[in-house]
Peer 1: 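The structure under discussion is supplied below as structure tokens; questions concerning it will follow.
Predicted model only: the values in this text are computed from it and were never measured. Naming convention: chains lettered A, B, ... in sequence-line order (proteins, then strands); numbering from 1 in each chain. These numbers come from the heavy atoms of this one structure, side chains and all, not from hydrogens, waters or symmetry mates.
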Amino acid sequence: MLRIMSVVAQIKASAVKAIASLYNVELQEKDILVNATKPEFKGDYTIVLFAFVKQLKKSPDALGNELGNKLISENSELFSSFNIIKGFLNLSITDSYWNHFLQLQYHNEHFGIQPSNGKKVMVEYSSPNTNKPLHLGHLRNNFLGWSIAEILKASGYEIVKTCIVNDRGIHICKSMIAWQLFANDATPESTGIKGDHFVGDYYVKFNDEYKKQVEALKATGVSQDEAEREAPIMKAAQQMLVDWEAGNAEVIELWKIMNGWVYNGFNTTYQRIGSNFDKTYYESNTYLLGKDLVESGLQKGVFFQQEDGSVWIDLTADGLDQKIVRRKDGTSVYITQDIGLAEQKQKEFGCDQSIYVVGDEQNYHFKVLKLICQKLELPSADQIYHLSYGMVELPTGKMKSREGTVVDADDLVDEMVNIAQQKTIELGKVKDFTEEELQQLYDTIGLGALKFFLLRVDPKKKMIFNPEESIDFHGFTGPFIQYTYARIKSILRKSGTDAVSAIDGYSSSLLPLEKELVILLETFPSIIEEAATEHDPSKVSIYVFNLAKTFNSFYAEHSIANAETESKKTLRLQIARFTAQVIKTGMSLLGIHVPERM
RNA sequence: GGUCCCGUAGUUCAAUGGAUAGAAUAGAAGUUUCCUAAACUUUAGAUACAAGUUCGAUUCUUGUCGGGACUACCA
């Protein structure tokens, strides 16, 4: 595939060359700051001169003039003119360059997609517990994981998507106990309740009953602590965990049945939101991993043993605390499992990087995990990358299941799809669609709105979701971009896309909005690159929105089908087709579909 | 107590140390004989506070005030 250097890269390269020949000074391309020129000034791209004024011992104006003249004389096919304002060298790119670029790329369906670079990256995301259904936080996690995987794929990496299911532990036993006590053999089938919700309901029932028992005990005069320890239902759950670990057949059987219900529910949700994994790990299989590493760590002197037999690592020299890695009863803890799992993944897939999409509440955990792996000199150590994302919060603060303020994933998806349906019917533009096509359209729009809402924000930052106000379908939203796409496709259908052909000579001049669009389109590959290196899908979201917005202005200002001349019509059709292509690719990097009509 | 993160229009979000801090939404005023008005155009509105570094600070440093996370022999 033909790879063209981006305009910005060309500007940097030619500036380095010009400065070398003018002043005999060797600069690096990264030393040269090139920005898009602000709209109030003439030009397309701007070189900021201050950075090397001192080094070259020139006044900004003199430097700008000499550099500007040199650039134009050496690169006449690229630069048409320049001006200098207060230390900023504004460069205009020739229309013929933009035309040439457009002719080369407008029909390229893989524009922005890099060929394989031979490297493999693992992305772990979702990581649900099997005692309750998925919620809004899981959605952000899933969409981020999916999008990062797509963005890295587009950057040339091979991707392995994994999920670790937390399917064992006291919380699962709580649901199981409550089911035994209160269900009277009810099942998701008998009640018609989705499996994960069904099991989640018993988890809630457990907590209700537990609370009652604690209160009852306290009424008899025991302390809060003791009541919490002695509540019969809690003791039953703890006993069940012991039985599970001992392999008690009856308990294991029930555990399998209830987890099966939950997996059915999860699968429905994953399918609905378009998420999947290449490999799913289950903690019931991995929780014993890492034990042997504790032994070797002890021998290497990385870990130390306390008198009670528990094993620790001292990270105080690294500014962290002491951390336990094996309990006194010999069982391993969460972090030990994670060390073992990291090694397991490494052996199984041999990836160059392993990305964990996990909330920022676990920043400390991953810092410790990486550090321990490094101290143990494990091959997996340097591949660990924690893609830490902020929590989704309500205006009132954190979502709390105990207070019933959790926004359920299935409910939210349903709500979004319903709104999409309602608005589509109101507008009445697709009355000829079949029922199946309509359902698909509602899903596309509803999920598009939801995914875009969660992916338009910098992943590192926490974000606020207000359940009182539904997610918007206007403005900086998924449906806005989908609508722009559908509009373009409509134009192309009416004109016949095959009619688009090369225009004569690359000489036709571009109107401001035409040029703005071509310039934006040209930056798409570098946006993907930036999103990949920063692990930040919001870069793509913002870009695609700006592209759609610019196209809509263009569309309102200039007619495509009834353009002034035939060559203008061809040019605009090419721009429109190219824009649609980039919107489609960009949205696919976010896991969002675009409709042909809406 | 310790470690870390965050304070930008009424609200939700942008801004690799660069020009007059961008958008969206809510507000005000407009646009439909013509390619989809889920659109377009115009308008008003913000860097918590105080010092410092710099030609230049939302961005870097320090302090103050406010908010949050983590600091489990839970996962």
Side-chain angles (χ1 to χ4, degrees), chain A residues 30 33 35 37-38 40-41 46 48-51 53-54 60 85-88 90 127 129 164 166 168-172 283 287 306 308 310-312 319-321 323-329 331-335 337-338 359-365 367 388 390-391 393 395 397-398 420 423-424 426-427 429-430 445 449 453 456-458 460-466 469 472-484 486-495 530 534 538-539 541-542 545-546 548-549 551-563 572-573 576 597-598:
Chain A
K30 64 174 169 50
L33 182 59
N35 290 334
T37 303
K38 300 260 174 192
E40 56 268 33
F41 301 104
T46 298
V48 182
L49 300 170
F50 294 107
V53 158
K54 259 186 198 160
I85 296 167
K86 293 195 296 181
F88 296 91
N90 300 323
S127 315
N129 289 1
I164 172 85
N166 178 10
R168 63 165 284 279
I170 189 75
H171 47 292
I172 316 291
E283 253 183 48
Y287 81 109
Q306 289 211 332
D308 64 4
S310 59
V311 179
W312 297 71
L320 303 173
D321 299 317
K323 184 86 188 171
I324 190 162
V325 294
R326 191 171 74 192
R327 298 188 186 96
K328 66 185 171 202
D329 64 7
T331 57
S332 58
V333 294
Y334 177 45
I335 193 129
Q337 298 170 35
D338 255 9
D360 62 9
E361 56 194 357
Q362 294 198 40
N363 283 354
Y364 182 79
H365 171 76
K367 221 188 256 180
S388 162
M391 299 285 104
E393 293 183 3
K398 223 180 158 180
K423 298 213 174 189
T424 303
E426 266 170 37
L427 291 166
K429 292 179 184 176
V430 287
I445 298 173
F453 176 81
R456 68 182 192 177
V457 183
D458 183 342
K460 290 189 289 296
K461 296 194 176 172
K462 69 177 179 195
M463 60 184 294
I464 301 208
F465 171 79
N466 188 349
E469 312 166 1
D472 216 325
F473 281 51
H474 301 271
F476 185 19
T477 68
F480 172 92
I481 297 161
Q482 291 171 325
Y483 173 70
T484 309
R487 238 182 176 184
I488 297 174
K489 293 304 276 193
S490 170
I491 297 169
L492 295 178
R493 270 195 304 275
K494 285 180 181 168
S495 72
E530 193 187 349
E534 303 200 1
S538 75
K539 296 276 189 288
S541 313
I542 293 168
F545 168 68
N546 281 330
K549 190 173 149 59
F551 184 86
N552 281 332
S553 297
F554 162 77
Y555 176 93
E557 180 76 21
H558 304 293
S559 176
I560 295 169
N562 299 312
R572 287 180 192 163
L573 281 168
R597 291 175 56 193
M598 68 185 274

Peer 1: Mind checking K30(A) for me? I need base, sugar-phosphate or nothing, with any heavy atom below 4.0 Å counting as a touch.
Peer 2: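 The residue K30(A) makes no contact with any strand.
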Peer 1: Categorize F50(A) for me: base, sugar-phosphate, or nothing, with a 4.0 angstrom heavy-atom threshold over every strand shown.
Peer 2: base
Peer 1: Take the protein atom CD of E426(A) and the nucleotide atom C1' of A37(B), then report the distance between them rounded to whole Å.
Peer 2: 14 Å
Peer 1: Any salt bridge linking R327(A) with D329(A)? Criterion: basic side-chain nitrogen under 4.0 Å from a carboxylate oxygen.
Peer 2: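 No, no charged N to carboxylate O under 4.0 Å.
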Peer 1: Is V457(A) touching bases, backbone alone, or none of the nucleic acid, heavy atoms closer than 4.0 Å?
Peer 2: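 Result for V457(A) = sugar-phosphate.
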Peer 1: How would you summarise protein contacts on nucleotides 25-31 of chain B per nucleotide, using B for base, S for sugar-phosphate only and - for none, with heavy-atom distances below 4.0 Å?
Peer 2: S------
Peer 1: Under the rule for side chain to side chain donor-acceptor pair (under 3.5 Å), what residues qualify as partners of N562(A), not counting sequence neighbours?
Peer 2: none
Peer 1: Paired stems touching RNA chain B, three or more consecutive Watson-Crick or G-U pairs with both distances under 3.5 Å?
Peer 2: B:1-7 with B:65-71, B:10-13 with B:22-25, B:27-31 with B:39-43, B:48-52 with B:60-64
Peer 1: Spell out protein contact along nucleotides 2-8 of chain B as letters: B when the base is contacted, S when just the sugar-phosphate is, - when no protein heavy atom is under 4.0 Å; keep the 5' to 3' order.
Peer 2: -----S-
Peer 1: Whole angstrom is fine here: how far is it from CG in N35(A) over to P in A14(B)?
Peer 2: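 The answer, rounded to whole Å, is 19 Å.
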Peer 1: May I ask you to say what F41(A) touches in the nucleic acid, namely base, sugar-phosphate or nothing, with a heavy-atom cut-off under 4.0 Å?
Peer 2: base
Peer 1: For nucleotides A57(B) and U47(B), find the distance between their P atoms and express it as a whole number of Å.
Peer 2: 16 Å
Peer 1: Run the side chain to side chain donor-acceptor pair (under 3.5 Å) test against T37(A) and tell me which residues pass, sequence neighbours left out.
Peer 2: T46(A)
Peer 1: Give me, pair by pair, the N or O atoms of the protein and of nucleotides 56-61 of chain B that are less than 3.5 Å apart, along with how far apart they are.
Peer 2:
none

Peer 1: Would you classify K539(A) as touching base, sugar-phosphate or nothing, given that sugar-phosphate means primed atoms plus P, OP1 and OP2, and contacts are heavy atoms under 4.0 Å?
Peer 2: sugar-phosphate
